[in-house]
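Everything on this sheet refers to the single structure shown next.
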Amino acid sequence: TDQSDYNKHEDSLTNNLVHVKNPHLDTMEEDILYHFNLGTKTHNLPEMFGDIKFVCVGGSANRMKSFAQFIHQELALPGNIDDIRDICEGTDRYSMYKVGPVLSISHGMGVPSISIMLHELIKLLHHARCHDVIVFRIGTSGGVGLAPGTVVVTDKAVDCFFRAQFEQVVLGKVITRSTVLDMGVSEELLQCSSELNNFPTVIGNTMCTHDFYEGQGRLDGALCSFSTEDKLEYLRKAYDTGVRNIEMESTVFAAMCYACGIKAAVICVTLLNRFDGDQITSSHDVLVEYQQRPQVLVAHFIKKHLGLI
Ligand code: DUR
């Protein structure tokens, strides 16, 4: 059709398309994005998602719904925030909300959960012929030597050995991918934070683990095989290599976005200082306010990019 010729032409003029790195996809007549309950034959993905410029992902479905409502207000878009509906309501794996050029999606907890979501998100952006997209992970984390409530913009996402890489087992062999994030976006986010001047924000390395308890050196899980001194020594080592917070998704997030040519940033608030304890003891209201901090930062960034401030 004329429209699809035009779209191809327009795409060829821009280099910042989302690149899927899978030759098999071209041979498929239909692509079903199973965990989103979307597909290339059942949905017009370019029409539904073609104008997306910013994608925000975070662990909890409720938080990503509030983010969508918040950004709707911040961008002063027409319509009622109660009418923003979950595009993935046909499945309870992930929730997805679209507000103007912003897509807000939940990813659950941990590398396997976010990685499934990212495969389908990146294919969705590709099928929808999106270009110049920036993806943000807004989340929570444990702080390493920081006051609770501090926001960490990730410099390098590192694994539990403090290496800036993500390892995945493919066909019984380990594949290593780089976890480079977009420094330009991170620096702009820090600039946004100094403009807002609402809460402390630092840049630092983020350590990604495959467990919340023993895997993060916590002494309060159902199992614990080490002493308090062992824990503190590990956290000290992490701190000395530049780690400022610990969470469970950043390495695969950085690796997949980088491999597909998508600008990405990780912005996590710290819920506690791990040198002071393991349990999250702040009140519900304090935790809710902390979790809004990365949202406020990203909203400011988006408004600047849209020329609204
Ligand atoms: N998280 C951690 N460690 C913390 C606090 C938060 O991993 O100390 C992040 C990652 C995961 C979820 O998705 O929040 C676990 O509560």
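Read the numbers this way: they start at 1 and go in the same order the structure lists the ligands and their atoms.
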message = Can you see whether T40 engages D31 through a side-chain donor-acceptor pair at a distance of less than 3.5 angstrom?
response = no
task = Could you list all the side-chain hydrogen bond (donor to acceptor under 3.5 Å, both in side chains) pairs where at least one residue sits in residues 174-183, not counting sequence neighbours?
result = none
inquiry  = As a test of reading the model: which residues have a non-hydrogen atom less than 4.0 Å away from ligand 1?
reply    = M109, T140, S141, G142, F212, Q216, R218, I246, E247, M248, E249, L272
Which atom pairs, one a donor and one an acceptor, fall under 3.5 Å between side chains of residues 49-58 and the rest of the protein, sequence neighbours left out?
unit_1, atom_1, unit_2, atom_2, d
D51, OD1, K98, NZ, 3.1
D51, OD2, K98, NZ, 3.3
K53, NZ, H131, O, 2.8

request  = Flag yes if more than 12 heavy atoms outside F275 fall under 6.0 Å of its CZ atom; otherwise flag no.
outcome  = yes
request  = Check whether the ring centres of Y290 and F199 lie less than 6.0 Å apart, and answer yes or no.
outcome  = no
Under 3.5 Å, sequence neighbours excluded: what are the donor-acceptor pairs made by side chains of residues 252-265?
none

